[in-house]
Amino acid sequence: MSLTSLGACGGGGSDGPATVPTSAPPAPPAEPVAAVSFANVTVAAGVNFEHQIAAATPSDAERITAGAAAGDYDDDGYIDLYVAGGDAATPNLLYRNLGDGTLRFEETGLASGAQISGRRSAGSVFADVDSDGQLDLFVGAVEGDAPALLMNNGDGTFSDGSARSGLSTPARTHTFSAAFADYDLDGDLDLALSHWQWKEAVISADPIGDTETLWQNQGDGTFVGVSTPSALSSAIGDDGTDYTFTPNFADINNDGYPDLLMAADFKTSQVLVNNRDGTFSDVTTPSISDENGMGATVGDYDNDGDLDWFVTAIAAEGVPQDNGFNGNRLYRNNGTGAFEDVTDEAGVRIGGWGWAACFADFNNDGHLDLFHVNGWDDDRFRDLPARLFMADGSGRFNETAVDAGITTDRQGRGVVCADFDRDGDVDLFIVNNGNFAELYENRLDENGLGEDRHWLTVQLRGSGANTRGIGGRVFLTAAAATQMREIRIGNNFVSQHVAEAHFGLGATDLIPELRVVWPGGDETVLTDVTANQVLRIEQ
């Protein structure tokens, strides 16, 4: 791995975010989509853990849960993993990436103080919640088990900050997925949670009126619930029913403020726009038509300068597309924050019983591809392979998972898409409910494509309380095209989006311009950046 750190001054103060460049949708590529292949290296990598639930007949929530967080908790340049083991024999585990080029991990949960036992843990997320430069760890849970907030001590260990955080005694029975962003632009990272439960499942005496969706950071790693004053409770449903599954903060209208995209079950997915005054408005239109939204991912798949939204749902070959079984959705942003349904145009509707998903450029051709896991204990949806939709550059995708060597057919729930071995291509870590996890190494170089498939990974380091530049945007211009990535701590479903930007560059090995728009609007512009490195940019 080559990691370069550059400090650069912002382009002066600004009253608002910089203008975002846009471009026309990309033309079809001149060459066929490059092949990509993966190899299952789970055992060799040392991450062969098994998610287990103790109940002989698990509840629906227990059958749904599992998960993983991805982040460089020891700041050595390599991405580590935290996994939910369940409430049976296997506790939650922390896998430290050895960073020796062999894609191997060592388990350090007990030694680091991050191990949690006996809880039905769900989605976990790494984020610097107290602004000390170290990644802390939030861990959700279901069936009344308590969420946790583990504070990074900066020496490879964690301390339990759950009781102090204000997050450890929710009224909601389940906390499935979490996302962090600075929604109020006060510098620290706030938290959104999903709960998926019926009114009668709420465990406190009178929770009606507060969905416990949005938590405002007080600047020291403690949180206060603001779902009601932010208008999110009334938007999601103040009758106590809450079918939310996967939250993602994303600036969909390019105004510099994080909006909230909530994938949710039973026709309740929502687009919630930040009003820039601490409140949100529900601007969901009939185009948001997924009937059973489960997982989600956000990215600029058409390279036009705005963020699009993919939501997994339920559909399989041979299963009638009725009774809610009419499949995934790809929502294309028209540049104003309004979405149009382009699912069939893109060819991504059929994906089994979908859960976690990610946008990533797996073959480094400059176009974001799609991956998602699936599975449910139903004969129509059991033992289906995961889906790998490779972009052809025209807005369409081709499904190639099995051909690429991804043969998993387990009960997939979470996924992390990240370059774990820092060789320049994106690998896959899959978490399965009631089964063993799987790590697939991307073998792009072995296809003879290394010389033609360059790359760049960008990490941001903010100058204030937002130490990782969450919400910042990176624009890479090369070969007469501009790619954009927003640095987000989003959620795929019970699993975390890695807070860095990976770009595929094709044959380009020198980047004429790289522009960062920091939260708040300041800019950093770099020119003639060399490809094939991990570049850390300081504000």
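Both backbone and side-chain heavy atoms feed into the values below; hydrogens, waters and symmetry mates do not.
Counting only N and O atoms by type, the side chains of Gln270 and Asp282 include a donor and acceptor under 3.5 Å apart. Checked by atom type, the side-chain pair Thr211/Asp242 shows no donor-acceptor distance below 3.5 Å. Side-chain contact of Gln52 with Thr90: a donor-acceptor pair under 3.5 Å is present, judged by distance alone. Judged purely by distance below 3.5 Å, without hydrogens or angles, the side chains of Glu438 and Thr408 pair a donor atom with an acceptor atom. Ser159 and Asn153 share a side-chain donor-acceptor pair at under 3.5 Å. Judged purely by distance below 3.5 Å, without hydrogens or angles, the side chains of Asp290 and Ser269 pair a donor atom with an acceptor atom.
Nearest heavy atoms, Ala313 versus Gly327: CB-O, 3.1 Å. In terms of heavy atoms, Ala69 sits closest to Gln496 at CB-OE1, 3.5 Å. Closest approach of Phe49 to Gly85, counting heavy atoms only: CE1-CA, 4.4 Å. Between Gly133 and Asp128, the closest heavy-atom pair is N-OD2, 2.8 Å. Closest heavy-atom contact between Pro229 and Thr279: O-CG2, 3.6 Å. Scanning both residues, Met294 and Thr246, for their nearest heavy atoms gives O-OG1, 2.5 Å.
Proximity of Phe381 to Ile314: side-chain heavy atoms (C-beta onward) are separated by under 4.5 Å at one or more points. You'll find the side chain of Phe429 reaches within 4.5 Å of the side chain of Leu81, heavy atoms only. Residues Arg422 and Val534 meet the side-chain proximity criterion, which asks for heavy atoms closer than 4.5 Å. Residues His195 and Leu193 have side chains in contact (heavy-atom distance under 4.5 Å, counting atoms from C-beta outward). Contact check for Arg473 versus Leu307: side-chain heavy atoms found under the 4.5 Å cut-off. Using a 4.5 Å heavy-atom cutoff, the side chains of Val431 and Arg413 are not in contact. Residues Leu135 and Leu137 form no side-chain contact, since every pair of their non-hydrogen atoms from C-beta on lies 4.5 Å or further apart. Side-chain contact check for Thr222 versus Ser165: every heavy-atom pair is 4.5 Å or farther apart.
Salt-bridge annotation for Arg382 and Asp377: present, with a side-chain N of the basic residue lying under 4.0 Å from a carboxylate O of the acidic one. By the 4.0 Å N-to-carboxylate-O rule, Arg488 lies too far from Asp251 to be salt-bridged with it.
Under the 3.5 Å distance criterion, the side-chain polar atoms of Asp427 are matched with a main-chain donor or acceptor of Phe420. Checked by atom type and distance alone, the side chain of Asp182 pairs as donor or acceptor with a backbone atom of Gly187 at under 3.5 Å. A donor-acceptor pair under 3.5 Å links the side-chain atoms of Thr343 to the main chain of Leu330, judged by distance alone. Of the possible polar contacts, one joining the Ser131 side chain to the Ala465 backbone as a donor-acceptor pair under 3.5 Å is found. Panel note: side chain Thr312, backbone Asn328; no donor-acceptor pair is recorded below 3.5 Å. Side chain of Thr65 to backbone of Ser121: a donor-acceptor contact under 3.5 angstrom is found. Under a 3.5 Å cut-off, the side chain of Asn491 and the backbone N or O of Pro247 do not form any donor-acceptor pair. Under a 3.5 Å cut-off, the side chain of Tyr82 and the backbone N or O of Val139 do not form any donor-acceptor pair.
Within the structure, the salt bridge (charged side-chain N to carboxylate O under 4.0 Å, His left out) test picks out the following pairs touching residues 215-228 (sequence neighbours left out): Arg164-Asp220. Sorted pairs that involve residues 258-269 and meet salt bridge (charged side-chain N to carboxylate O under 4.0 Å, His left out), not counting sequence neighbours, are lacking altogether. Evaluation of the salt bridge (charged side-chain N to carboxylate O under 4.0 Å, His left out) test over residues 130-153, restricted to residues two or more places apart or in two chains, returns Arg120-Asp145. Residue pairs that meet the salt bridge (charged side-chain N to carboxylate O under 4.0 Å, His left out) test with at least one member in residues 100-118, sequence neighbours left out, are Arg96-Glu106, Asp100-Arg104. Identified under the ring-ring contact (aromatic ring centres under 6.0 Å, His included) test for residues 118-152, with sequence neighbours left out: none.
Note: Phe38 and Phe362 have perpendicular aromatic rings, judged against thresholds of 30 and 60 degrees for the angle between ring planes. Between Trp353 and Trp376, the angle of the ring planes stays under 30°, which puts this pair in the parallel group of the 30/60° scheme. Ring geometry for Trp355 versus Phe245: interplanar angle over 60°, hence perpendicular rather than tilted (30 to 60°). Ring geometry for His372 against Phe310 counts as tilted: the plane angle lies between 30° and 60°, on a 0 to 90° scale. Classification of the Tyr301-Phe397 ring pair by plane angle, with boundaries at 30° and 60°, yields tilted.
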- Between Tyr73 and Tyr95, is a ring-ring contact (aromatic ring centres under 6.0 Å, His included) present by the stated rule, with each step listed? CA-CA 10 Å; Tyr73 82 92; Tyr95 288 108; over 10 Å; no

- Tell me, with the steps shown, if Arg461 and Thr467 meet side chain to side chain donor-acceptor pair (under 3.5 Å). CA-CA 5 Å; Arg461 292 295 182 267; Thr467 61; over 6 Å; no

- Message: Walk me through whether Thr213 and Ile236 qualify under side chain to side chain contact (heavy atoms under 4.5 Å, CB included).
- Response: CA-CA 9 Å; Thr213 303; Ile236 290 172; 3.3 Å; yes

- salt bridge (charged side-chain N to carboxylate O under 4.0 Å, His left out) between Asp72 and Arg468: does it pass, once the steps are laid out? CA-CA 11 Å; Asp72 182 9; Arg468 303 293 168 124; 6.0 Å; no

- Would you please test Asp184 and Gln216 for side chain to side chain donor-acceptor pair (under 3.5 Å) and show each step? CA-CA 9 Å; Asp184 50 5; Gln216 186 181 54; 2.9 Å; yes

- Message: Please determine whether side chain to side chain donor-acceptor pair (under 3.5 Å) holds for the pair Glu291 and Asn326, giving the CA-CA distance in whole Å, both sets of side-chain angles, and the decisive distance to 0.1 Å.
- Response: CA-CA 7 Å; Glu291 295 196 27; Asn326 64 0; 2.8 Å; yes

- Item | salt bridge (charged side-chain N to carboxylate O under 4.0 Å, His left out) between Arg119 and Glu62, intermediate numbers included | CA-CA 11 Å; Arg119 296 189 203 175; Glu62 290 171 328; over 6 Å; no

- Decide side chain to side chain contact (heavy atoms under 4.5 Å, CB included) for Asp308 and Val298; before the verdict, give the C-alpha distance in whole Å, the side-chain angles of both, and the deciding distance to 0.1 Å. CA-CA 6 Å; Asp308 311 296; Val298 177; over 6 Å; no

- After noting the C-alpha distance and the side-chain angles of Leu214 and Tyr183, does the key distance pass the side chain to side chain contact (heavy atoms under 4.5 Å, CB included) rule? CA-CA 10 Å; Leu214 185 63; Tyr183 85 94; 3.8 Å; yes

- For Val129 and Leu191, what are the C-alpha separation, side-chain angles and deciding distance, and is it a side chain to side chain contact (heavy atoms under 4.5 Å, CB included)? CA-CA 9 Å; Val129 302; Leu191 172 64; over 6 Å; no

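Scored by the side-chain hydrogen bond (donor to acceptor under 3.5 Å, both in side chains) test, Gln134 finds no partners at all (sequence neighbours excluded).
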